[in-house]
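Each remark here refers to the structure printed beneath this line.
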Amino acid sequence: MPLTGDSTVLVPVDVSVSGPPDPGLLDLLEPVNVVVLGYYPVPKQTAPAHLRDDHESEAAARLEEAVSEFARADHEVEGVLVFTKDREDSIDRVAIQHDCDAVLLPDDIGTVERILVPLRGDVNLERIVSLVADLAGASDAVVTLFHSVAEGTDPSQGEFMLRGAADRLAEEGVDADRIDWKLSERGSPRREIVELAAEYDLLVLGETEPSLRDRILGTVLTPILDEVETTTIVVRDIE
Amino acid sequence: MSEHTGQLERNIGFLEAMTLGGGTMIGAGIFILPGIAAEGAGPASSISFVIAGFVALLAALSLSELATGMPVAGGSYHYVNRALGGFFGSIVGWGMWTGLMFASAFYMIGFGQYLVQPIPFLDGRALVVLLGLVGLALIVGVNYYGTEESSKLQNVMIGTETAIVLVYVALGLFFIDPANLEPFAPTGPSGIIATTGIVFVSFLGFEIIATVAGEVKDPSRNIPLTMVLSVVLVTILYALVMLVTTGVVRYQEIGDSLVPVSDVAVVFMGSIGVVAIVAAAAIAAISSSNSSVLAAARVNFAMGRDELMSDWLNVTHDRFGTPHRAIIATGAVTALLIAVGLEVETIVSLLAEVASFSFLVSYSLVHVALVVFRRADPEDYDPSFRIPDALYPAVPVLGVLLTVVVISQMATIIIGLGLGIVGLGVGWYFLYVRDHAIDRGLIGEAITQGSVGYRVVVPVSNPETQERLIRLAAATAHAHTEEGTPELVAVNVLQVADPSPQQNIAAERLEHQRDLLESAREIASEMDVKLRTVAMSGDRVDETLLEAISHEAPDQVVLGWRGTLSNGGYVFGPNLDAVVEDAPCEVTLVTFHGNPIGGTVALAGPGPHAPFAARRAAEFATVDGTTPTLLNVQQMRDGDEDAAVERGEAVIDEVAGRAGLESGAYQREVVVAADTEVAILDAVSQYDTVCVGLSERSAASRVMFGTIASRISQEATGNVGIVRGAPES
């Protein structure tokens, strides 16, 4: 399914605390549809329905406020309010139900000028590229595609993929001079992504299907997300 | 579409439910009870545990069925309250709450005993009580501040504790001296059963799974599985622990010990064993006590939700989000119970037994609730786990009988204290509940099931019109009093796009039902009709409604309609058309424009549904005590107005006859005009409410809406009822 101009991004917002969404975030998500997931964290000691009874109107008002901040004429903005003990669980469920292409994990975000897009391989490449095209198409941001090949292997394949992705981006309407790519042969993608990310305003990652090993040791993604202090968009692996 | 009703996530998976239930059970009695049990029944106390396990298993079966039918917070309390009403609801609610507090105090005193015992110079009751209070303070603190304890850590802790117990059993089996097991049952059968009453406290854990039912993922699978599995596994484990304990050391010695398991462990595992056992016992007491406080808060919340408990107690903390007052109250009473241990020598078995008593009473009422639910079979009760038919009346009947047997063997003081707690529930009902809560027990229905009067189904969803709609439906039902007590069934359908097992829809249904009830109750009592409410959920409103209608087999369905004809292939709208077409009973669509029902008029014409419209007009007229008018319009022919009026009156009388209206019960109005349509619209505008029949039903069973009826519904300034008769079958 081509995703030109119609990507949907899920934005989780903690509605137990007030505060307007970051203006940088509003600018960034201008070109896509948004599902605002207002989640109210429920402590273990409380029944979720109990907390909802006491705080529903307040939470709904905050969500409404956030939704209206995001609202624009040409794209859909939807609000979902959830009382949950497990934010990740809710993100997963709502992302599936509302057919979201990506989930945004916000950090302090100013103007997005530089976007880092690490690519692993063909997995999910289409979706990642079209979302990046949506986001970059509406701004002047510079996009850096990144790939790391294992030490001692032939780098040409990685280069081929990066060039291909860059071409695709250009086709989708991003100026070729704003696209840049980096190939690393040092073979430790995790550390490099974390280091690189510090210089960027936005990180776009593809979701990984957890393998058995990942389930035991944790996915590659989770440690990256824990260490990175840049706002990150995780593109879901829908197929 | 942007809906802002907060959705509730189900976050407790299989493993978590197991650690919550099984962990509580293993933690609770396993380290403390063997001493008391050995004293009561000798080596045969393992049989006491098996009996207790069996009683618990019966309760787990009944609870599983109820919990999969209504997976919301509250556990036993909620099911009993729904089935048997507020009186028994408040007995079970208070019983569970106090039971959990007694159990908590029991765990914490055991905790103190295990910590104090191994260190020779630290001794004495004061210290035991002090340590118990410190432990309790810790738990209350954690619960008050809502510290999200890592569930991983909890799993590791409970895993460690279980592993230690398993090692104890596995090694201990080799050290059993058969001579120690003689005599096997020194106190005989009554001693064994009396001991069952004490050790039953260990089997509270599975109830805790039911109390958090509203949060369990995929409840139809996980609730029955974890409840039954935890009861069976824990029963086997307890029986083995008891065999090992009494087999390694003579039961008389164990009976005197406050820390029986550690005293036995020292025999074959040395001091390392003792350290391990003390550590396990401490973890166990803390985790069991913590789950009890957690469950107590749920019970309180559920009682508050049903208005059996004051809202003051039931608010959540602004910052921590925890039900802090309920937690503090629970903690305070538990602390008091622990402190009583300073004076009362036998406090441990006393606390255990009172907690057991409370839960035994609750479980026997749960069995009764199950029978009531099965008999009344309300629409929204559709459990995915059902007790197999071969076991059905047996499980609840045996459950109640065994409960009575176990209670009958309890010490007099326990029965006294237990009855005191029951009395507390009863007193609470008369002092507080009766004035606050809506009594909605199903028991009356379970008994009277079968005797049918006139039944009207009213789907409600719009809070603005639902009151008038129910009032009107009640009026039509009331007109049929002579056929037996009429019954009103208010149905609410919650539209759920994609009911996933991750999401708590049951809670939403419950909420809808409560709102529904509150407004419907007064109206029903005013009108002297029986009211029942049904909350359903489905992804298509019309299909779900039809399902409810076919289940209730009513005489009539009264639906609210906005009054605008839809485009896009629908006549009345996507939710209504199917009902109007397919409902196997009379159907009335009502559009409210004016407030009073006032004077009513029905079009008495040739259509097949005209008599039904006439009857409806007569029924509606009773709301404001007016006389209905039947209206017929005749075209002016040959300039003879009198003949036209006569023809009209004949038609009216014929329609009235078919509608079963006696002459004098209606007024006739004949309008003679050149343009019938204009004349009808004119005449009708004089009345507050107008009833028209659907024009006809074609063979293709499509809804046919005549031009006159359609114009009236579009242009009328008063209320409009569009009536369809029952299809001839």
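Below, chains carry the letters A, B, ... as their sequence lines are ordered, and counting in each starts from 1.
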### Task
Please confirm whether the backbone N or O of B/N11 pairs with a side-chain atom of A/D86, one donor and one acceptor, at under 3.5 Å?
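Checking the backbone N and O of B/N11 against the side chain of A/D86, no donor-acceptor pair under 3.5 Å is found.
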### Task
Would you check if the side chain of A/T46 reaches a backbone N or O of B/G321 as a donor-acceptor pair within less than 3.5 Å?
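Yes, the answer is positive, given that a donor and an acceptor are paired below the 3.5 Å cut-off.
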Please name the pair of heavy atoms, one in [X] and one in [Y], separated by the smallest distance, quoted to 0.1 Å.
| X | Y | answer |
| --- | --- | --- |
| A/H55 | B/H317 | NE2-O, 4.1 Å |
| A/D89 | B/K217 | OD2-CE, 3.5 Å |
| B/I327 | A/Q45 | CD1-CB, 4.4 Å |
| A/P43 | B/G146 | CB-O, 3.6 Å |

Separation of [Y] [atom2] from [X] [atom1] (nearest 0.5 Å):
| X | Y | atom1 | atom2 | result |
| --- | --- | --- | --- | --- |
| B/D318 | A/S16 | CG | OG | 11.5 Å |
| B/F301 | A/L51 | CZ | CG | 9.5 Å |
| A/R52 | B/T316 | CZ | OG1 | 13.0 Å |

### Message
Between A/D53 and chain B, with a heavy-atom cut-off of 4.5 Å, which part of the residue counts as in contact: side chain, backbone, both or neither?
### Response
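For A/D53, the contact with chain B is made by the side chain alone.
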### Task
Pick one of side chain, backbone, both or neither for A/A47, based on which atoms fall under 4.5 Å of a heavy atom in chain B.
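Both parts, backbone and side chain.
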Side chain, backbone, both or neither: which part of [X] has an atom under 4.5 Å from a heavy atom of chain A?
| X | value |
| --- | --- |
| B/R10 | backbone |
| B/Y144 | neither |
| B/D311 | neither |

### Query
Looking at side-chain heavy atoms only, is the closest gap between A/P48 and B/E9 below 4.5 Å?
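The answer is no; the side chains never approach within 4.5 Å.
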### Polar contact flag, side-chain donor to acceptor under 3.5 angstrom, A/R93-B/Q7
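Looking only at side-chain atoms, B/Q7 and A/R93 do form a donor-acceptor pair, the distance falling under 3.5 Å.
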### Among B/N143, B/T322, B/L294, the one residue meeting side-chain contact (heavy atoms from CB on, under 4.5 Å) with A/K44
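Exactly one candidate clears the test, B/L294.
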